[in-house]
There are 2 protein chains.
Amino acid sequence: MTAVLEVPQDTRQRLLEAACEAFREEGYQVSIDRIAARAQVARQTVYNHFPSKDALFAEVVQHAIQSVLVTLDGDGDIRTTLLAFGHAYREKVLSPEGLATLRIVMAEAPRFPELAKQFFRQGPLTTRKRLAAYIERAMAAGILRKDAPDFAAEMFTAMLLDFDRQRGLIDLQTDLLKPAKTAQVVDCFLRAFAVGKDMP
Amino acid sequence: MTAVLEVPQDTRQRLLEAACEAFREEGYQVSIDRIAARAQVARQTVYNHFPSKDALFAEVVQHAIQSVLVTLDGDGDIRTTLLAFGHAYREKVLSPEGLATLRIVMAEAPRFPELAKQFFRQGPLTTRKRLAAYIERAMAAGILRKDAPDFAAEMFTAMLLDFDRQRGLIDLQTDLLKPAKTAQVVDCFLRAFAVGKDMP
DNA sequence: GGACTACTAGACTACCCAGTCTACTTGCTG
DNA sequence: CAGCAAGTAGACTGGGTAGTCTAGTAGTCC
C-alpha cells in the first residue's frame with residue numbers, strides 16, 4: 001500500500017521477533033492476533049510459518065536461551081576473570097529481556113515441562129558447567145582450595161544473582177545493576193574459596 | 001441433600017483453601033467454576049464472599065506469604081543457629097507449596113504489581129531482615145567479621161536457595177532437599193564471614 | 001409461622017481466543 | 001501471459017470465561 005520496498009524474505013524473522021517481544025511483555029496468553037499485528041502481518045501468515053501457537057512459543061523460547069547464556073574468558077588472574085564473568089552474567093540475566101524470559105519460562109514450566117527443562121539445561125546449567133570447569137582448573141593450579149567445583153560455581157552464581165533476580169521478577173525493580181556489587185561478591189567468593197585457610 | 005451436618009460457618013475458609021490449591025496447581029487462569037467445584041460450593045457462593053476473581057486471588061496471595069516466611073532462633077552457637085535456619089528455610093521455600101506460590105507470584109507480578117511487591121516485602125525481604133539483624137549481633141559480638149549485615153544475609157540466603165529454587169521452578173525437580181547441602185552452605189558462609197582472616 | 005440468611009442450580013450476557021477456510025491481491029519467473 | 005508462491009482481509013466454528021440474575025431450598029431466630 002504505502003510502503004513499497006518490503007523485504008519479503010524475512011517475514012518469518014519479523015514474526016519471531018514480534019512474538020518474542022509480545023510473549024515477554026504479555027506472557028503466554030498474548031493472542032495470536034496481537035502477535036500478528038505487532039509483526040504487521042495477517043493472522044493467517046502466522047499459521048503459514050508455524051503450525052500452532054505452542055510451536056511458535058517453543059521456537060521463541062529456544063531462541064531466548066542465549067539471553068541467559070554467558071561464556072567466560074579465562075585470561076588474566078582469577079579475580080579479573082570472575083569480575084568480568086560476574087559483570088557480564090549480571091547484565092544479561094538482570095536485563096529486562098533476561099528477566100522477562102525467565103518469568104515466562106518459569107510461569108509456563110508446568111504447561112511445557114520438556115521445553116522448560118531444555119531451557120534450564122542449555123541455559124543456566126550450561127553456564128554453571130563452564131564456570132565449574134574454570135574453577136576446577138583454578139583448584140588444580142592451587143589458586144583455589146580443593147573443593148567440589150560444581151558446588152563452588154553454584155555458590156558464586158547464586159551470590160551474583162539470587163536476590164536481585166528475585167527482586168526484578170517479583171518487585172519489578174529495574175535499577176538492579178550496581179557495578180560495585182559484582183566486586184563485593186567476587187571478594188566474598190574468594191574469601192570462601194581461595195587457598196590459605198583450611199585445607200584438610 | 002445427602003450430608004446433613006454441614007459446618008456452615010467456614011464456607012469462606014473452605015473456599016480460600018480450595019482457591020489456594022487451585023491457583024497453585026493451575027495458575028491464575030484457573031476458572032472460578034473449578035475453584036467452586038473444588039470447594040464443593042456453587043459459583044454464586046464464591047461471589048457472595050469475594051467481589052471478583054482478582055480479590056480472591058489477592059487474598060490467597062496474602063495468606064500464602066507465610067509459606068515463605070521463616071523466623072530464626074538465636075540460641076546456641078552460630079553454626080547451630082545458621083544450620084537450623086538454613087534447614088527450615090530450605091524446607092519451606094523448596095516445598096511444592098512454596099515453589100508453586102513463588103511461581104504464581106512471579107508469573108502474575110506484571111498484572112498485580114502492588115500485590116507482588118507486598119509479597120516480596122513481607123516474605124523474602126522480611127526473612128532477610130531478620131537474618132541480617134542476627135548477623136549484625138554476631139558481628140558486634142566479634143563472632144563474624146565486620147561487614148554489611150544485609151549483604152552477608154543476602155549471600156547466605158542466596159547460597160541456600162538460588163540454584164535449587166531455580167531448578168524446582170523451571171525443571172520441576174522435586175527431590176531438592178539434600179540435608180547435607182545446608183551444612184555445606186553454612187561452612188562456606190562461615191569461611192567467608194567468620195573473623196580471623198582479614199579485617200581492615 | 002414468618003422473616004432472614006446462606007447456599008444452590010442453572011440460565012444468560014458479553015466477551016475473547018485458537019485455528020480453519022475462502023476469495024482476493026501481488027510479485028516473481030519462465 | 002500463465003502459473004506459482006506468499007501474503008491479506010475477514011468470516012466462521014467451537015470452545016471457554018467472568019460476572020449477573022432468577023427462582024428455589026434449607027436452616028435459624030424470634
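Note on naming: letters A, B, ... go to the chains in the order of the sequence lines (proteins, then strands), and numbering restarts at 1 for each one. The basis for the numbers below is simple: all heavy atoms, side chains too, and nothing from hydrogens, waters or symmetry mates.
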Name all residues meeting the salt bridge (Lys or Arg N to Asp or Glu O under 4.0 Å) criterion together with B:Lys117; count only those two or more places apart in sequence or in a different chain, and write none if there are none.
-> none
Counterpart residues, salt bridge (Lys or Arg N to Asp or Glu O under 4.0 Å), relative to B:Arg43 (two or more places apart) = B:Asp33
Closer than 4.0 Å, any side-chain N/O of B:His49 to the OP1 or OP2 of C:dC7?
-> yes
Residue A:Gln44, side-chain atoms from C-beta onward, closest of D:dG7, D:dT20, D:dT8 =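 Of the candidates, D:dT8 comes closest.
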For [X], give me all partners under ring pair (Phe, Tyr, Trp, His ring centres under 6.0 Å), at least two apart in sequence or on another chain.
X        : result
A:Phe119 : none
A:Phe112 : A:Tyr28, A:Phe57
B:Phe50  : none

Where along residues 106-114 of chain B does a heavy atom come under 4.0 Å from DNA chain C, residue by residue in number order?
->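 Heavy-atom contacts with DNA chain C come from no residue of residues 106-114 of chain B; none.
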Would you indicate whether B:Arg34, at its atom CZ, is surrounded by more than 12 heavy atoms from other residues, nucleotides or ligands within a distance under 6.0 Å?
->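 At most 12 heavy atoms, drawn from other residues, nucleotides or ligands, come within 6.0 Å of this atom.
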Whole-Å distance separating the [atom1] atom of [X] from the [atom2] atom of [N]:
X       : N      : atom1 : atom2 : result
A:Arg12 : D:dG7  : CZ    : P     : 11 Å
A:Phe50 : C:dT20 : CZ    : C1'   : 19 Å
A:Gln40 : D:dA6  : CD    : C1'   : 17 Å

B:Glu91: side chain to side chain donor-acceptor pair (under 3.5 Å) partners, not counting sequence neighbours | none
Could you go through nucleotides 13-18 of chain D and list every protein N or O atom that sits under 3.5 Å from one of its N or O atoms, giving the distance for each pair?
from	atom 1	to	atom 2	distance (Å)
D:dA18	OP1	B:Lys53	NZ	2.8
D:dA18	OP2	B:Ile32	N	3.2

Could you pull out all donor-acceptor pairs under 3.5 Å where a side-chain atom in residues 93-101 of chain B meets a protein atom, sequence neighbours excluded?
from	atom 1	to	atom 2	distance (Å)
B:Ser95	OG	B:Lys92	O	2.8
B:Ser95	OG	B:Glu97	OE1	3.4
B:Ser95	OG	B:Gly98	N	3.0
B:Thr101	OG1	B:Glu97	O	2.8

